[in-house]
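Here is the structure we will look at, set down as structure tokens.
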Amino acid sequence: MPLDVCRLPLVGGHPALDLVNTVERGAPLDGEPPHDYLTDASALLRWTVRAGLISDAEADRAGAVWREDPAAAQAGLAAVRDLREGLHLVLLAAIQPSAGDPDGPGEGDPIAAGAALVRLHERWSGAAARATLVLDRGDPPRIRLTYGTVPAMLIPDRIAETALDVLRTADLTRVRRCPVPEGGCGWLFLDQSRNGSRRWCRMADCGTAAKSRRLTERRRAARAGTP
């Protein structure tokens with residue numbers, strides 16, 4: 001039974017990577033399509049609050065509009081899924097070859113990533129066109145660009161903003177993929193360890209499971225080789 005979207009671990013190190021991880025990214029099971037945890041607009045609304053991209057008050061405003069206009073809710077969900085998949089392609093292409101094969105290919109397709117960047121730019125351009133400049137009367141005062149001023153598009157616009165943020169400000173050489181060939185889940189994360197040696201999304205989950213499988217395989221091989 002898949003987890004509820006609000007119980008998904010936030011392991012990406014950035015909300016944009018946690019968004020990418022709202023769909024199963026590992027090896028397919030029995031030909032079944034990967035499970036999408038953003039099952040509907042309600043799930044998206046709840047996840048966005050949990051990820052810290054909108055406040056409870058903003059969620060109330062966006063949710064009210066979406067309940068009154070189901071077509072807007074579906075359009076918002078479709079926009080977020082498009083942002084998510086485009087971001088996934090770009091980040092895969094940014095992943096460096098593995099340490100064991102430094103001359104080998106990276107994880108992603110540069111051509112697909114280029115097309116995805118065009119789509120991401122289009123989504124961000126629309127979000128920026130709806131954004132407004134706001135004066136914060138702090139000490140010192142500052143001007144900030146606020147995304148999500150249109151309630152029906154609040155969530156897609158905030159996600160477009162966070163997608164741009166990770167692409168422009170994160171150290172993309174630290175993007176990792178939980179290793180599917182070794183039993184990992186395929187989720188993406190920023191390796192923030194001091195020596196850049198993190199391999200698993202969470203050692204307590206995928207890392208421990210992979211070690212357990214390897215131990216079982218070694219024991220089976222040892223038993224098979226015993227006369």
Side-chain angles (χ1 to χ4, degrees), residues 8-27 34 36-38 44 47-48 50-54 79-128 131 144-145 147-148 155-203 205-207 210:
L8 279 183
L10 300 178
V11 300
H14 189 286
L17 274 76
D18 288 320
L19 172 69
V20 167
N21 297 340
T22 58
V23 67
E24 290 179 343
R25 301 290 183 185
D36 190 341
Y37 294 94
L38 298 181
L44 171 59
W47 180 86
T48 313
R50 181 166 183 258
L53 294 175
I54 64 173
V80 169
R81 285 173 171 169
D82 185 54
L83 281 159
R84 179 184 65 185
E85 298 313 306
L87 190 58
H88 185 234
L89 288 172
V90 171
L91 292 172
L92 281 182
I95 292 176
Q96 302 297 305
S98 66
D101 184 15
D103 297 321
E107 294 275 0
D109 179 350
I111 296 176
L117 277 173
V118 172
R119 295 203 312 274
L120 287 171
H121 182 263
E122 290 171 351
R123 292 286 185 189
W124 170 78
S125 295
R144 59 183 173 85
L145 186 62
Y147 290 79
I155 290 175
D157 288 357
R158 288 285 173 83
I159 287 176
E161 177 189 17
T162 200
L164 179 68
D165 180 72
V166 78
L167 294 176
R168 292 185 64 242
T169 67
D171 182 355
L172 298 184
T173 66
R174 289 289 187 126
V175 176
R176 306 283 186 264
R177 187 179 189 221
C178 191
V180 175
E182 298 174 40
C185 66
W187 279 1
L188 302 186
F189 57 89
L190 286 173
D191 180 1
Q192 296 171 329
S193 63
R194 181 173 297 179
N195 60 0
S197 61
R198 180 178 165 192
R199 291 180 49 75
W200 306 97
C201 64
R202 290 205 308 178
M203 190 63 200
D205 291 335
C206 290

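Residue indices begin at 1 and follow the sequence shown.
For R177 (side chain) and R25 (main-chain N/O), a donor-acceptor pair under 3.5 Å exists by modelled atom type. Judged purely by atom type and a 3.5 angstrom limit, R158 uses its side chain to pair as donor or acceptor with the backbone of L53. Checked by atom type and distance alone, the side chain of R176 never pairs as donor or acceptor with a backbone atom of S197 at under 3.5 Å.
Legend: residues meeting side chain to side chain donor-acceptor pair (under 3.5 Å) with N21, ordered by chain and number and at least two apart, are absent. For P110, there are no side-chain contact (heavy atoms from CB on, under 4.5 Å) partners at least two apart in sequence or on another chain. Partners of A16 by side-chain contact (heavy atoms from CB on, under 4.5 Å), not counting sequence neighbours, listed by chain and number: H14, L87, T162, V166. Evaluation of the salt bridge (charged side-chain N to carboxylate O under 4.0 Å, His left out) rule for R50 yields no partner, not counting sequence neighbours. The side chain to side chain donor-acceptor pair (under 3.5 Å) search around R123 returns D82, not counting sequence neighbours. Residues passing the salt bridge (charged side-chain N to carboxylate O under 4.0 Å, His left out) test with E122: none are found, sequence neighbours excluded. The side-chain contact (heavy atoms from CB on, under 4.5 Å) check on R81 picks up D36, L77, R84, with sequence neighbours excluded. Under the salt bridge (charged side-chain N to carboxylate O under 4.0 Å, His left out) criterion, R198 pairs with no residue, sequence neighbours left out. Remark: D109 pairs with no residue by the side chain to side chain donor-acceptor pair (under 3.5 Å) rule, at least two apart or across chains. Scored by the salt bridge (charged side-chain N to carboxylate O under 4.0 Å, His left out) test, D157 finds R130 as partners (sequence neighbours excluded). Here R199 pairs with E182 under the side chain to side chain donor-acceptor pair (under 3.5 Å) rule; sequence neighbours left out.
Among T22, V180, V20, L8, the one residue that satisfies the side-chain contact (heavy atoms from CB on, under 4.5 Å) test with W187 is L8.
Between P34 and E24, the shortest heavy-atom distance links the atoms CB-O, 3.3 Å. Residues C201 and C178 approach most closely at N-SG, 3.5 Å, considering heavy atoms. Of all heavy-atom pairs spanning W124 and L164, the tightest one is NE1-CD2, 3.1 Å. Between L44 and L38, the shortest heavy-atom distance links the atoms CA-CD2, 3.9 Å. Closest heavy-atom contact between A131 and L145: CB-CD1, 3.7 Å. A pairwise comparison of heavy atoms in A79 and P156 identifies CB-CB, 4.0 Å as the closest pair.
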Verdict with reasoning, L92 to L188, per side-chain contact (heavy atoms from CB on, under 4.5 Å): CA-CA 8 Å; L92 281 182; L188 302 186; 4.0 Å; yes

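For the salt bridge (Lys or Arg N to Asp or Glu O under 4.0 Å) condition, no pair includes a residue of residues 163-172, sequence neighbours left out.
Open room surrounds CD1 on I111; 12 or fewer heavy atoms of other groups in view lie less than 6.0 Å from it.
Between C185 and W200 the shortest side-chain heavy-atom distance does not fall below 4.5 Å. A 4.5 Å side-chain heavy-atom check between I159 and Y147 finds every atom pair outside the cut-off. Between L167 and L120 the shortest side-chain heavy-atom distance falls below 4.5 Å. Using a 4.5 Å heavy-atom cutoff, the side chains of L89 and L117 are not in contact.
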